[in-house]
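Structure first, then comments.
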There are 2 protein chains.
Amino acid sequence: MATIYDVAARAGVSTATVSRWLAGQPVRAAAVIREAVEELGYSPSPMAQSLKSGRRGAIGVVVPDVTNPFFAAVVKGLEQASRGFGYHMLLANSDESSELEADILAELTPRVDGFILAPAHEQDLGPHALSEAGVPAVLLDREVSGGEAFDVVLVDNEGGARAAASHLVSLGHERIAMINGPTDTTPGRGRRAGFLAGLAEGDLALDPVYDMTGDFREESGRQITLQLLALPESPTAIFTANNLMTVGALKALRDMRVRVPDDISIIGFDDLSLGSLLQPPLTCIARPDVEQGALAMRLLLSRLTDGILDDGRHIVLNTSLLVRGSTRAPSAAHAPEIRPRLRARSGGATSE
Amino acid sequence: MATIYDVAARAGVSTATVSRWLAGQPVRAAAVIREAVEELGYSPSPMAQSLKSGRRGAIGVVVPDVTNPFFAAVVKGLEQASRGFGYHMLLANSDESSELEADILAELTPRVDGFILAPAHEQDLGPHALSEAGVPAVLLDREVSGGEAFDVVLVDNEGGARAAASHLVSLGHERIAMINGPTDTTPGRGRRAGFLAGLAEGDLALDPVYDMTGDFREESGRQITLQLLALPESPTAIFTANNLMTVGALKALRDMRVRVPDDISIIGFDDLSLGSLLQPPLTCIARPDVEQGALAMRLLLSRLTDGILDDGRHIVLNTSLLVRGSTRAPSAAHAPEIRPRLRARSGGATSE
DNA sequence: CTGAAAGCGCTTACAG
DNA sequence: CTGAAAGCGCTTACAG
């Protein structure tokens with residue numbers, strides 16, 4: 001590989017001049033240098049440049065799981081927004097583990113100029129180590145306790161979950177279950193709070209037997225749904241707190257031959273790529289994903305390139321309720337008013 | 001940040017000794033050095049190390065689109081297989097564009113030790129530039145013409161597509177359409193060849209009006225399906241050549257209220273994450289994805305760490321036919337034998 | 001605008 | 001096993 005010395009020699013100037021030309025500064029020998037560069041096929045070594053300048057030219061992206069369509073979309077948004085700024089993306093999955101996340105951050109820190117991070121848990125220490133090291137980070141979809149100084153791009157978890165609750169309440173449901181994610185994550189905490197608030201507005205409380213916590217993965221959604229169906233008095237409606245758990249719940253429902261929405265209503269936080277193709281189509285709380293990634297990247301770039309040093313900026317994106325076919329009023333067999341009478345005879349259609 | 005000089009000074013040894021200790025070589029002052037490193041919170045600069053050693057510690061991953069669940073799974077496999085080897089992943093999307101791909105490769109080349117690449121088209125020049133530059137690359141899911149020297153991990157496109165054709169033929173279909181991807185991609189070429197072969201085994205040919213080519217994206221699957229449905233004699237079965245186009249086709253079918261499999265059968269290459277939840281569940285050609293990524297990474301690592309210099313190794317993964325509910329024998333109204341008679345009266349149920 | 005020179009933080013023959 | 005020294009390929013005050 002040709003070095004800057006080769007170019008300088010060939011062009012008959014000093015390496016300093018070549019370096020200036022590379023940086024776009026006005027240089028007398030511009031034409032000769034360009035020629036030498038082309039003939040030698042020269043391209044500067046990013047490693048050497050970084051060593052001198054301290055600029056790494058890379059951004060670390062750490063998400064729980066790229067396999068989750070939401071995060072895949074986020075990554076796409078990140079890339080779109082960063083195009084043309086000369087940064088590359090170092091991607092890693094934390095697999096929802098705070099330990100792995102901390103390791104990854106430590107590994108990546110000396111290699112990047114900043115981070116886009118969706119922390120596994122709100123108690124994660126990794127992000128704080130970052131701010132101590134002076135590496136800017138914007139938190140995506142999830143906050144961290146004591147992390148007010150970070151830029152954050154969130155979705156309106158409370159508002160979305162509240163809308164889900166209101167929707168179910170307005171349909172007449174009373175036996176309503178929530179399959180939530182860990183409450184030590186921002187989405188888990190926010191969606192729970194919002195859901196409880198929405199129920200409260202309908203003078204309902206979340207019955208402890210219907211108050212379930214999974215781990216945001218498909219399998220936990222499936223298992224918990226199975227548990228709910230096995231209850232002596234199973235719920236007439238379920239709110240699943242994210243896309244993957246919704247899929248798990250739907251699979252459990254199908255396996256148990258529970259009809260949606262006849263026997264049970266289901267509404268999920270996050271739309272599914274095939275949400276509109278399901279039978280019935282999924283009622284859900286939809287939200288931007290690619291845009292959320294793009295927004296986060298723009299915040300980071302503004303710190304990196306404009307040297308912005310404000311306090312943490314908070315952006316909260318709106319959700320929207322998509323009423324499709326998976327929710328409806330509870331069937332007569334489950335209607336609260338007549339439930340006791342019917343149950344004395346039938347034992348309840350869904351409790352088996 | 002502490003440098004190796006700080007550590008050396010504190011430990012009372014030379015930087016050479018510290019460097020050797022870092023590399024795991026036996027050193028007398030090991031204990032003192034360790035202490036100094038801990039007290040200073042020293043961690044070596046990867047940039048400086050790279051500049052000296054030439055080892056970049058990163059692998060470039062270039063795929064058409066991480067948003068495609070197949071590639072998201074592949075990326076997960078790549079990461080799993082590389083864990084513990086000390087490499088980081090630089091991820092970029094080519095967006096199915098050969099030009100963007102070439103730019104990305106040029107940008108990334110000086111920063112990585114090797115590439116995992118799913119080329120946009122078989123004529124791409126980018127990969128050849130790589131081998132000229134001496135940067136190892138393994139091709140994933142897609143080959144490149146004249147690229148016999150590359151390691152490649154493919155899926156059995158021919159076999160899978162042939163199985164799809166056989167399945168439809170065995171059900172009695174004759175008016176069979178294929179919605180393929182670009183034939184200048186390995187999957188497009190292979191799946192077409194396999195499908196034609198499968199039809200030929202049933203003494204059938206692919207009618208030119210049923211021989212469609214999209215771009216592997218959802219929207220093209222939708223558009224083409226609409227075109228097929230508008231045909232005076234629409235097909236009784238469709239084979240879609242990848243996951244995204246299958247989704248598009250299903251949406252078109254739903255929008256046009258065409259019943260599956262009553263009015264039309266559909267089989268896709270690639271399973272969908274919700275494939276089993278659809279009504280009817282999707283019949284498809286399934287294949288490994290995470291494993292394909294892991295395999296590709298192992299090939300690359302073997303070149304990188306063991307310095308293997310063999311000729312290109314080819315791995316072809318098997319597909320499996322998942323017969324679910326979206327395919328069945330053509331209905332009487334479409335049965336070839338009696339079609340002419342019926343059509344004289346009804347005009348055909350699906351042609352509207 | 002330009003060049004000589006120092007230095008970014010390491011690693012690695014070379015000599016001991 | 002260890003240290004002095006050169007050098008990886010750049011950039012950037014400094015002096016002109």
Side-chain angles (χ1 to χ4, degrees), chain A residues 1-37 39-58 86 88 106-113 133-135, chain B residues 1-37 39-58 86 88 106-113 133-135:
Chain A
M1 291 257 55
T3 71
I4 199 170
Y5 290 99
D6 302 321
V7 177
R10 184 162 197 132
V13 296
S14 72
T15 59
T17 302
V18 177
S19 180
R20 293 194 184 100
W21 179 82
L22 286 172
Q25 291 172 30
V27 153
R28 215 156 264 152
V32 212
I33 294 176
R34 185 202 332 281
E35 207 170 310
V37 164
E39 284 171 354
L40 294 169
Y42 170 73
S43 100
S45 153
M47 297 302 169
Q49 288 182 312
S50 293
L51 186 58
K52 272 306 292 184
S53 67
R55 196 228 193 217
R56 258 66 59 114
H88 301 106
E107 275 270 312
L108 257 37
T109 297
R111 308 173 168 265
V112 303
D113 295 309
V135 182
Chain B
M1 290 258 55
T3 72
I4 199 170
Y5 290 98
D6 302 320
V7 177
R10 185 162 195 132
V13 296
S14 74
T15 59
T17 303
V18 177
S19 181
R20 294 195 183 100
W21 180 82
L22 284 172
Q25 293 172 28
V27 154
R28 216 156 264 151
V32 211
I33 294 177
R34 186 203 330 283
E35 209 170 309
V37 163
E39 284 171 355
L40 294 169
Y42 169 72
S43 100
S45 153
M47 297 304 168
Q49 288 182 313
S50 292
L51 186 58
K52 270 307 294 184
S53 68
R55 196 227 192 218
R56 258 66 59 113
H88 301 107
E107 275 270 311
L108 257 37
T109 296
R111 307 173 169 265
V112 302
D113 295 309
V135 181

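Throughout, protein chains are lettered first and strands after them, A, B, ... in sequence-line order, and every chain is numbered starting at 1.
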Side-chain heavy atoms of [X] within contact of [Y], under 4.5 Å:
{"X": "A:Y5", "Y": "A:V18", "value": "no"}
{"X": "A:Y42", "Y": "A:L22", "value": "yes"}
{"X": "A:P44", "Y": "A:I4", "value": "no"}

Exercise for the section: Hey, could you give me the CD1/CZ distance between A:I33 and A:R20, rounded to the nearest 0.5 Å? Expected result: 10.0 Å
Handout entry: CE on A:M1 to OG on A:S45, rounded to 0.5 Å
Key = 10.0 Å
Problem - C:dA13 versus C:dG9 - spacing of their P atoms, nearest Å - result: 23 Å
Exercise for the section: Please measure how far the C1' atom in D:dT12 lies from the corresponding atom in D:dG16, and state the result in whole Å. Expected result: 16 Å
For [X] and [N], what is the distance between atoms [atom1] and [atom2] respectively, to the nearest whole Å?
{"X": "B:W21", "N": "D:dG3", "atom1": "CH2", "atom2": "P", "value": "15 Å"}
{"X": "B:Y5", "N": "C:dC10", "atom1": "OH", "atom2": "C1'", "value": "7 Å"}
{"X": "A:I4", "N": "C:dA5", "atom1": "CD1", "atom2": "P", "value": "17 Å"}
{"X": "A:Q25", "N": "C:dG3", "atom1": "CD", "atom2": "C1'", "value": "14 Å"}

Practice task
Go through C:dA4, D:dT2, D:dC10 for me and flag the one nearest to the A:R20 side chain.
Solution key: C:dA4
Taking all non-hydrogen atoms of both residues, which atom of [X] and which atom of [Y] are closest, and how far apart?
{"X": "A:A8", "Y": "A:S14", "value": "CB-C, 3.8 Å"}
{"X": "B:R56", "Y": "A:R111", "value": "O-NH1, 3.6 Å"}
{"X": "B:S50", "Y": "A:M47", "value": "CB-SD, 3.7 Å"}

Handout entry: Nucleic acid contacts - residues 11-18 of chain B versus DNA chain D, non-hydrogen atoms under 4.0 Å
Key = B:V13, B:S14, B:A16, B:T17
Problem - Sub-4.0 Å heavy-atom contacts from residues 43-56 of chain B onto DNA chain D, ordered by number - result: B:L51, B:K52
Exercise for the section: Counting Watson-Crick and G-U wobble pairs whose two distances are both under 3.5 Å, find the runs of 3 or more in a row that involve DNA chain D. Expected result: C:1-3 with D:14-16, C:5-12 with D:5-12, C:14-16 with D:1-3
Handout entry: Phosphate-side-chain proximity, B:T3 and C:dG9, N/O vs OP1/OP2 below 4.0 Å
Key = no
Problem - Any A:Y42 side-chain N or O less than 4.0 Å from OP1/OP2 of D:dC10 - result: yes
Using atom types as modelled and distance alone, determine if a side-chain donor or acceptor of [X] lies under 3.5 Å from a backbone N or O of [Y].
{"X": "A:T17", "Y": "A:V13", "answer": "no"}
{"X": "B:S19", "Y": "B:T15", "answer": "no"}
{"X": "B:D113", "Y": "B:R55", "answer": "no"}

Practice task
Classify the nucleic acid contact of B:A29 as base, sugar-phosphate or nothing, counting any heavy atom under 4.0 Å across all strands shown.
Solution key: sugar-phosphate
